[in-house]
Amino acid sequence: QVLGTFAMYYSEPHTPQDFEWQLIESVSNLAGIAIERKQAESSLKQLNEDLENRVSKRTSELSQAFNQLQTEIAERQEAEKELIASDRRFQKLTANLPGVIYQSLLSPDGSVSYPYMSPACREIFELEPEAVQQNSDLLIDLVHPEHRQKYHESLAISAQTLQPWQWEGRLILPSGK
């Protein structure tokens with residue numbers, strides 16, 4: 001690729017001497033270096049502009065993602081506060097209700113568990129709610145032996161009909177009452 005021409009002019013026609021050819025060659029090399037440098041600078045400038053544009057675009061994308069994350073964090077924190085407040089209201093409600101509030105879960109294998117047991121469990125069943133949640137047999141073992149069959153039958157009927165569970169029977173508490 002030809003980028004330009006170089007010429008030497010004389011006051012009268014003649015053939016260039018060796019030192020003039022060397023001078024032309026040196027000046028041509030210098031001109032080539034200058035042109036290559038200018039091209040490299042231009043290319044570098046373009047690459048820098050492209051990089052700046054990419055950095056600017058990526059910075060904008062990251063800024064948007066950061067803002068979205070901040071919004072999501074704020075929403076999550078607000079939801080956590082609301083959940084804590086709701087849990088406190090629920091705890092106050094269950095602490096002031098007469099009787100025990102519980103969640104009973106009948107598994108396909110017939111086993112019963114209590115994922116939730118209100119604090120009134122201590123007063124009514126003389127058992128710690130957490131203990132009953134970990135071991136449902138503690139509560140089931142309180143059922144009077146004469147009423148255990150009816151207890152299990154009522155659970156089975158509730159499971160088959162998907163109706164609320166109802167059972168009346170006697171319990172023998174840890175204190176013997």
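Heavy-atom basis, side chains included; hydrogens, waters and symmetry copies ignored.
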Query raised in the report: What is the minimum heavy-atom distance between M117 and V132, and which atoms define it?
Result: CE-CG1, 3.6 Å

Requested in this report: Say whether, by atom type as modelled, one donor and one acceptor occur between the side chain of R58 and the main chain of N53 under 3.5 angstrom.
Outcome: no

Requested in this report: Measure across L106 and G110 and return the closest heavy-atom pair with its distance rounded to 0.1 Å.
Outcome: CD1-O, 3.4 Å

Query raised in the report: How many angstroms lie between atom CG of L51 and atom CD of E49, to the nearest 0.5 angstrom?
Result: 11.0 Å

Query - Gap separating the NE2 atom of H152 from the CD1 atom of I140, nearest 0.5 angstrom - result: 6.5 Å

Requested in this report: Could you walk me through whether L155 and Y151 pass the side-chain contact (heavy atoms from CB on, under 4.5 Å) test, one step at a time?
Outcome: CA-CA 6 Å; L155 278 175; Y151 168 83; 3.7 Å; yes

Query raised in the report: R122 side chain to P129 main-chain N or O, any donor-acceptor pair under 3.5 Å?
Result: no

Query raised in the report: Roughly how far, to the nearest 0.5 Å, is the OG1 atom of T94 from the CZ atom of R89?
Result: 13.0 Å

**Report entry** Heavy atoms of other groups near D18 CG, more than 12 under 6.0 Å
**Finding:** no

Query - Separation between CG of L69 and CG of L62, rounded to the nearest 0.5 Å - result: 10.5 Å

**Report entry** Ionic contact status for R76 with E72, cut-off 4.0 Å
**Finding:** no

**Report entry** Test item: S118 side-chain N/O and V100 main-chain N/O as donor-acceptor pair under 3.5 Å
**Finding:** no

Query raised in the report: Between the side chain of N96 and the main-chain N/O of K92, is any donor-acceptor distance below 3.5 Å?
Result: yes

Query raised in the report: Between Y116 and F90, does the ring centroid distance fall short of 6.0 Å?
Result: yes

Quiz: residues 165-177 side-chain donor-acceptor pairs under 3.5 angstrom, not counting sequence neighbours:
from: W165; atom 1: NE1; to: S154; atom 2: OG; distance (Å): 2.8
from: R170; atom 1: NE; to: H147; atom 2: NE2; distance (Å): 3.0
from: R170; atom 1: NH2; to: E146; atom 2: OE1; distance (Å): 2.8
from: S175; atom 1: OG; to: E126; atom 2: OE1; distance (Å): 2.9
from: S175; atom 1: OG; to: E126; atom 2: OE2; distance (Å): 2.7

Query raised in the report: Are V55 and L47 joined in one hydrophobic group, where the rule is that I, L, V, M, F, W and Y side chains link up if heavy atoms are under 4.5 Å apart?
Result: no

Query raised in the report: Do E52 and K57 have side chains that get closer than 4.5 Å, going by heavy atoms?
Result: no

Requested in this report: Mark yes when over 12 heavy atoms from residues, nucleotides or ligands other than Q149 sit less than 6.0 Å from its CD; otherwise mark no.
Outcome: no

Query raised in the report: Does S26 use its side chain to pair, donor to acceptor, with the backbone of Q22 at less than 3.5 Å?
Result: yes

Requested in this report: Tell me, please, which residues at least two apart from E123 pass side-chain hydrogen bond (donor to acceptor under 3.5 Å, both in side chains).
Outcome: none

Requested in this report: Step by step, work out the side-chain contact (heavy atoms from CB on, under 4.5 Å) result for L105 and V112.
Outcome: CA-CA 6 Å; L105 181 65; V112 177; over 6 Å; no

Query - A131 to L138 - nearest heavy-atom pair and separation - result: O-CD1, 3.6 Å

**Report entry** Which atom of S158 lies closest to which atom of P164, heavy atoms considered
**Finding:** OG-C, 3.9 Å

Query - Side-chain donor/acceptor of E41 to backbone N/O of K38, under 3.5 Å - result: no

Query - F66, CZ: over 12 other non-hydrogen atoms inside 6.0 angstrom - result: no

Query raised in the report: Rounded to the nearest 0.5 Å, how far does CG of N135 lie from CG of L127?
Result: 10.0 Å

Report task. Please answer whether the main-chain N or O of E82 pairs with a side-chain N or O of S86 as donor and acceptor at a distance below 3.5 Å. Result -> no

Query raised in the report: With distance as the sole test, does S28 use its side chain to make a donor-acceptor pair with the main-chain N or O of I24 at under 3.5 Å?
Result: yes

Requested in this report: State yes or no: do V27 and Y10 share one hydrophobic cluster built from I, L, V, M, F, W and Y residues joined by side-chain heavy-atom distances below 4.5 Å, directly or via other members?
Outcome: yes

Query raised in the report: Counting N and O atoms only, with roles assigned by atom type, does the side chain of T71 sit under 3.5 Å from a partner on the main chain of N67, one being a donor and the other an acceptor?
Result: yes

Query raised in the report: Are a donor atom and an acceptor atom from the side chains of Q133 and Y102 found within less than 3.5 Å of each other?
Result: no

Report task. Indicate yes or no: does K150 engage E153 in a salt bridge with an N to O separation below 4.0 Å. Result -> no

Report task. Please step through side-chain contact (heavy atoms from CB on, under 4.5 Å) for the pair Y114 and L139, ending with a clear verdict. Result -> CA-CA 9 Å; Y114 296 98; L139 187 58; 3.7 Å; yes

Query raised in the report: How far does CD of Q134 sit from CD of E128, to the nearest 0.5 angstrom?
Result: 11.0 Å

